[in-house]
Amino acid sequence: MILPKTRLPAEARQLEIVRAVLALAAEDSPDAITTQAIAQRMGLTQGAVFRHFPTREAIWLAVVDWVEQNLGDAIAAAVTEARDPVDGLRRLFEAHVAFIAAHPSVPRLIFNEMQKPADHPVKQRVRGLLDRYRRRVSELLARARAQALVEPELDETAAATLFVGTVQGLVVQTLLAGDPRTLQPVARRLWPLYLRSLGVRQP
């Protein structure tokens, strides 16, 4: 039975729909999430969902936008407090790991889209998110090299790829373990190894 719902402003209802998708993705494969399942989770009719998003693809695009906005805000807030670019990299790493620990369904959604063979709009949006993230890491690495905080011969592109790969590897292990609580403790052990690969001298 669908219960009456209080009428919310369009943006608030759209945010509710995005959060419903994130909650459902924590329980099931993202491909199995239908608009009917979203409506049932929210206690709405399917037609009410379509009044806010014309297609399922539009919902997924909104989810990716939510991820980029909220992850970006968390990273920006963390990096602002950094004393130097290397500390900025550490804070970015920790903020990203904390975000995933708080929203474990996000990597499931991202990986699911990137594995699809077709180059559809959602996959393109995810690719753009990852590219912008990698550029942010590369910029911090370039500043660290300019300030002689890392090896002068550092390959910034390779170092950025390793940074992203480290986070992705942590995420895969967490998904396999099925316990997001393992993410941050393991991340703390890996960070010194990444710094060593950059040639950063550690106390």
Original post:
Among R125, E113, H120, which residue meets the side chain to side chain contact (heavy atoms under 4.5 Å, CB included) test with W60?
Top reply: E113

Original post:
Only one of I17, L24, I33, V21 clears side chain to side chain contact (heavy atoms under 4.5 Å, CB included) with R41; which?
Top reply: L24

Please name the pair of heavy atoms, one in [X] and one in [Y], separated by the smallest distance, quoted to 0.1 Å.
{"X": "R108", "Y": "P30", "result": "O-CG, 3.8 Å"}
{"X": "I75", "Y": "R136", "result": "CG2-NH1, 3.1 Å"}
{"X": "L183", "Y": "A101", "result": "CD2-N, 3.8 Å"}
{"X": "A74", "Y": "A95", "result": "O-CB, 3.9 Å"}
{"X": "A187", "Y": "F93", "result": "O-CE2, 3.6 Å"}
{"X": "A32", "Y": "D28", "result": "CB-OD2, 3.6 Å"}

Original post:
Can L89 and W191 be said to form a side-chain contact (heavy atoms from CB on, under 4.5 Å), step by step?
Top reply: CA-CA 10 Å; L89 284 167; W191 182 246; 3.9 Å; yes

Pairwise side-chain contact, [X] with [Y], heavy-atom cut-off 4.5 Å (strictly under):
{"X": "V64", "Y": "E68", "answer": "no"}
{"X": "L198", "Y": "L141", "answer": "yes"}
{"X": "L44", "Y": "R13", "answer": "yes"}
{"X": "V97", "Y": "R188", "answer": "no"}
{"X": "R19", "Y": "L15", "answer": "yes"}
{"X": "I110", "Y": "V171", "answer": "no"}
{"X": "V186", "Y": "R189", "answer": "yes"}
{"X": "T45", "Y": "F50", "answer": "no"}

Do [X] and [Y] share a hydrophobic cluster (ILVMFWY, side-chain heavy atoms under 4.5 Å, transitive)?
{"X": "L190", "Y": "Y194", "value": "yes"}
{"X": "L22", "Y": "M42", "value": "yes"}
{"X": "V67", "Y": "L61", "value": "yes"}

**OP:** Decide yes or no on salt bridge (Lys or Arg N to Asp or Glu O under 4.0 Å) for E139 and R143, but give the supporting numbers first.
**Re:** CA-CA 6 Å; E139 288 167 4; R143 288 169 49 199; over 6 Å; no

**OP:** Report the distance from atom CG of L129 to atom CZ of R134, rounding to the nearest 0.5 Å.
**Re:** 10.5 Å

**OP:** Drop me the distance from L140's CG to R145's CZ, to the nearest 0.5 angstrom.
**Re:** 14.0 Å

**OP:** For V200 and L149, run side-chain contact (heavy atoms from CB on, under 4.5 Å): C-alpha distance rounded to whole Å, both residues' side-chain angles, the deciding distance at 0.1 Å, then the answer.
**Re:** CA-CA 6 Å; V200 175; L149 298 174; 5.9 Å; no

**OP:** Determine which pairs satisfy ring pair (Phe, Tyr, Trp, His ring centres under 6.0 Å) with at least one residue from residues 123-157, sequence neighbours left out, and list them in order.
**Re:** H96-Y133

**OP:** Please check if any side-chain donor atom of T35 sits under 3.5 Å from a side-chain acceptor atom of Q46, or the reverse.
**Re:** yes

Subject >> Ion pair check, R91 and D87, cut-off under 4.0 Å >> reply: yes

Can you give each donor-acceptor pair under 3.5 Å made by side-chain atoms of residues 157-168, sequence neighbours left out, with the distance rounded to 0.1 Å?
{"residue": "T161", "atom": "OG1", "partner": "T157", "partner atom": "O", "Å": "3.0"}
{"residue": "T166", "atom": "OG1", "partner": "L162", "partner atom": "O", "Å": "2.7"}

Original post:
Which of parallel (below 30°), tilted (30 to 60°) and perpendicular (above 60°) describes W66 and H103?
Top reply: perpendicular

Original post:
When you look at K116 and D31, which way does the side-chain contact (heavy atoms from CB on, under 4.5 Å) test go after all the steps?
Top reply: CA-CA 11 Å; K116 293 179 179 178; D31 279 337; 3.2 Å; yes

